[in-house]
Protein chains: 2
Amino acid sequence: MRKVVSSGQPTIKEIAKRLNISVSTVSRALHDHHSIGLRTKARVKALAAELNYERNQTAVYFQQGKTFTIGILLPELSEAFFSSAISGIEDTAYSNNYTVLLGQSHDDEAREKQIIQSMKQHRVDGCIVSIGKNTRNYDHFEMLRQARIPVVFFDRVPDLHDIHAVSCNLESGTIQAVDFLLKKGHRVIGMINGPEQLVASKERATGYIKALRKHRLKYDPELIVNADLTAAGTDSAMEYLLSLKRKVTAVVTFNDYVAMDAVQYALKRKLEINKDITFVSYANTPVSGYTAFPPAASVEQFPYEQGQAATNMLLSLLNGEHPLNDYTNTIMESRLVIHDR
Amino acid sequence: MRKVVSSGQPTIKEIAKRLNISVSTVSRALHDHHSIGLRTKARVKALAAELNYERNQTAVYFQQGKTFTIGILLPELSEAFFSSAISGIEDTAYSNNYTVLLGQSHDDEAREKQIIQSMKQHRVDGCIVSIGKNTRNYDHFEMLRQARIPVVFFDRVPDLHDIHAVSCNLESGTIQAVDFLLKKGHRVIGMINGPEQLVASKERATGYIKALRKHRLKYDPELIVNADLTAAGTDSAMEYLLSLKRKVTAVVTFNDYVAMDAVQYALKRKLEINKDITFVSYANTPVSGYTAFPPAASVEQFPYEQGQAATNMLLSLLNGEHPLNDYTNTIMESRLVIHDR
DNA sequence: GTTATCCGCGCAAGCGTTTGCGTAAAGGCG
DNA sequence: CGCCTTTACGCAAACGCTTGCGCGGATAAC
């Protein structure tokens, strides 16, 4: 006869027994239910406090079919953008009594699928995800949809229409960036863009083109190159741009990390930064302020705020304040921050 | 008569009904229990696959009193050290089928307590924590101990003996760092150390002192200053060091961020880095490689490996391979990485 | 005094799974 | 053929909590 040692943790049942009342009364008393008399409420609460009673959340989760947990899937926490975004997510989640389950994909699609699977099994109430840069297949998110687990994408958003998303309008930021370079007299402006399937890449490209058009300049497709955001990829992108007949005097890079790599490459080529070649970038990461040659300007994407917005959207989905099938794409404005004139 | 719509998710019960067998048989079949015939096993599995059955983990968690979740509490994900450490934690946790609950304290003791409380309620199986730099009271961890939730501290470890911990032996790294400076001819070496209650600060200080003693040099307490790791704190620490009668020609800073701030301050004072003043630091963050004046050397603390080690320790605690009350402090060696000779 | 109303509480079902134990049927052995 | 051991499965309890419903008793309304 094995008797479980009850792990010491007092239950609602114990309180009931000691007070000679029913468990339902105890439960309701602890919830301040109106149908319980003040005397009993007080007695229950007193004993609960004395016993150091703590509600067994796993039981509640199970019973209610809700875990008050949201899964966060993102590529790389070591990127400042994401570590800042996660703070926005975590802060608003915690202040709404939600808890946060973490998974990094490291930009690996297989791992992304595993994590989603694991989160689904964990019965998270919803997910916030920023997809990996190589992810082309979205079956795992389709599974979530079928399981009725709402998903809010942010920043790195798949190019689908029937999704909830929060992202930054990079088009306007890019226009500002190119404007800035044009005003400084640059005429041959290269762009090291990201993988094509990312919406963010498309926005950058169209922003670039629109800015040129605005100034009645011809758009030369040669000047935009898609890279894979690795240091090596950036190097060959730079090599390509510098090999063009038209002399590139400025480059818009996908983000500050790419910019830093590009700067390193330019230095190796003995180019003088901000003279021979000028860089403008995205993300406006704090570290770039410490660096030797920060980009002349950077498009701020407000990661913390994006995280907040995504979480709020997910919460309203979870609370039923917003129908699951009403897909909305919240767009935040980006803004060019000028470091160097 | 309200009938719950069963949310679509098939249960073990449904499978049982459809196959005209009992739930226990289904459960066992899915677990490949030996007492179930091969025929029934096959039938059960086939139907489970067909129905897209997925085990309700919350029910299992509840039933088993285990959540296969570990809580991670750390100060700031935006610090490269921690974002790297969390990868080590997450990777080994996931590969052991554990899942990871995240909380950032932002170095706020109150918030730290809240998060621990929340994790306890969430019934995490164990915690991995790096304490905030201002935390002086450890009641919240005492609560965890009473709840029999094992905790493994890492990197920022409280100065107690009865805890499980993984940390880096900074003393040896510091000795190497000071050695390095002494060999370059520096004789008046300042140190911007962290808050006194951190073990890490003490180790840095003793390493510093031992290195001097090794070279038969006198230790001048004036040269070590405890700062709060903020930019402002670093500024005033630098101001203090530069105001000393003895001319400080090298400074050992608490970490790369402090180093970067200190460099900025030095530049403002028109000092030439690596000539008038040389910096040596800790953490060896990748970004410092991009910066204009990276520290001449940095003590690598192997955050990823620390994360792994901490997780493995926690797992062995959870599996009962290691008794809860056998407190061990795993110490990893640090190593000086020289950037500039 | 009778009836409707409300307050305070208990009963019991149910959430999905695991697991100790009981038990038929089948097979082996002497 | 009787007995014992497997094999293959079912029964039911248990995990801790929530909640619809029912029910006595007190109070108010007429």
Side-chain angles (χ1 to χ4, degrees), chain A residues 1-45 48 51-68 120-123 125 147, chain B residues 1-45 48 51-68 120-123 125 147:
Chain A
M1 171 100 146
R2 251 192 27 180
K3 197 168 182 181
V4 180
V5 190
S6 86
S7 84
Q9 294 278 35
T11 73
I12 226 179
K13 218 181 266 182
E14 275 210 33
I15 300 185
K17 196 168 294 174
R18 295 217 199 191
L19 258 39
N20 262 321
I21 57 181
S22 77
V23 286
S24 51
T25 303
V26 175
S27 171
R28 281 191 256 252
L30 292 173
H31 284 81
D32 265 329
H33 195 279
H34 63 273
S35 84
I36 303 296
L38 282 111
R39 260 196 70 81
T40 15
K41 269 187 197 171
R43 295 202 319 154
V44 168
K45 288 183 181 175
L51 296 182
N52 257 313
Y53 168 75
E54 205 160 83
R55 171 137 101 288
N56 185 335
Q57 286 291 3
T58 63
V60 179
Y61 294 158
F62 165 54
Q63 208 266 117
Q64 316 247 309
K66 236 198 127 177
T67 58
F68 286 95
K120 185 183 165 204
Q121 290 197 174
H122 213 278
R123 293 288 213 269
D125 293 338
Chain B
M1 171 99 147
R2 249 194 25 179
K3 198 167 186 182
V4 179
V5 191
S6 87
S7 83
Q9 295 279 33
T11 74
I12 225 177
K13 220 181 262 183
E14 274 211 33
I15 300 186
K17 196 168 294 172
R18 295 220 198 188
L19 258 39
N20 262 322
I21 56 181
S22 78
V23 287
S24 51
T25 303
V26 176
S27 173
R28 282 191 256 252
L30 292 173
H31 283 83
D32 266 327
H33 195 279
H34 64 273
S35 84
I36 302 297
L38 282 115
R39 260 197 71 80
T40 16
K41 268 187 198 171
R43 295 203 319 155
V44 168
K45 287 182 181 173
L51 296 182
N52 257 313
Y53 168 77
E54 204 160 84
R55 170 136 104 283
N56 186 335
Q57 286 291 1
T58 64
V60 180
Y61 295 157
F62 165 54
Q63 209 265 121
Q64 315 247 312
K66 237 197 126 177
T67 58
F68 286 95
K120 185 182 164 204
Q121 292 197 172
H122 213 278
R123 293 289 214 268
D125 292 338

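The structure displayed is predicted, hence computed values, not measured ones. FYI, side chains are in, hydrogens and waters are out, and symmetry mates aren't considered; it's all heavy atoms of this structure. In what follows, chains carry the letters A, B, and so on, assigned in the order in which the sequence lines appear, proteins first and then strands, with residues in each chain numbered from 1.
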On the nucleotide C:dG8, are OP1 or OP2 found under 4.0 Å from the side-chain N or O atoms that A:Lys41 carries?
no
Assign B:Ser27 to base, sugar-phosphate, or nothing according to its heavy-atom contacts below 4.0 angstrom with the strands shown.
base
If you take atom types as modelled and just measure distance, does the side chain of A:Arg43 reach the base of C:dG8 with a donor-acceptor pair under 3.5 Å?
no
Tell me which nucleotide among C:dT17, D:dC17, C:dG10 gets nearest to the side chain of B:Val60.
C:dT17
At less than 4.0 Å, is any side-chain N or O atom of B:Lys66 found next to OP1 or OP2 of D:dC15? Yes or no.
no
Per-helix bend value, the helix from C:dG1-D:dC30 to C:dG30-D:dC1, C1' rotation axes over five pairs per end, 10° rounding, shows 50°
Report the nucleotide, chosen from D:dG10, D:dT18, D:dG16, that has the shortest atom-to-atom distance to any side-chain atom of A:Gln64.
D:dT18
Would you say the base of C:dC15 and the side-chain of B:Thr11 have a donor-acceptor pair closer than 3.5 Å?
no
From the list D:dC11, C:dC15, C:dT18, which nucleotide is the closest neighbour of the side chain of A:Gln63?
C:dC15
For C:dC15, is there a stacking contact with A:Phe62, counting only centres under 5.5 Å and planes under 30°?
yes
Under the 3.5 Å rule, do the base of C:dG8 and the side chain of A:Arg39 count as making a donor-acceptor pair?
no
What is the nucleic acid contact for B:Tyr53, judged by heavy atoms within less than 4.0 Å: base, sugar-phosphate only, or nothing?
sugar-phosphate
When the nearest nucleotide of DNA chain D is assigned to B:Ala59 and to B:Arg28 on a heavy-atom basis, which residue is associated with the more 5' position?
B:Arg28
Please state how far atom CD1 in A:Ile21 lies from atom P in D:dC17, giving the value in whole angstrom units.
13 Å
Donor-acceptor contact present, side-chain B:Thr58 to main-chain A:Tyr61, <3.5 Å
no
Note: for B:Glu54 and A:Ile36 on DNA chain C, the residue whose nearest nucleotide lies more 5' is A:Ile36
Please check this pair: side chain of A:His33 against backbone of A:Ser35, looking for a donor-acceptor N/O pair closer than 3.5 Å.
yes
Between D:dG16 atom P and B:His122 atom NE2, what is the distance in whole Å?
18 Å
Contact under 4.0 Å: A:Thr25 side-chain N or O vs C:dC9 OP1/OP2:
no
Look at A:His34 and C:dC7 and indicate whether a side-chain polar atom (N or O) is within less than 4.0 Å of OP1 or OP2.
no
Just how far, in rounded Å, is C1' of C:dT18 from NZ of B:Lys13?
13 Å
Please classify the nucleic acid contact of A:Arg55 as base, sugar-phosphate, or nothing, using heavy-atom distances under 4.0 Å.
sugar-phosphate
Any donor-acceptor pair under 3.5 Å joining the side chain of B:Arg123 to the base of D:dG16?
no
Report the distance from atom NZ of B:Lys17 to atom P of D:dC11, rounded to the nearest whole Å.
13 Å
Hey, is the side chain of A:Gln57 poking within less than 4.0 Å of OP1 or OP2 on D:dG16, counting only N and O atoms?
no
So what does A:Thr58 touch, heavy atoms closer than 4.0 Å: a base, only the sugar-phosphate, or nothing?
nothing
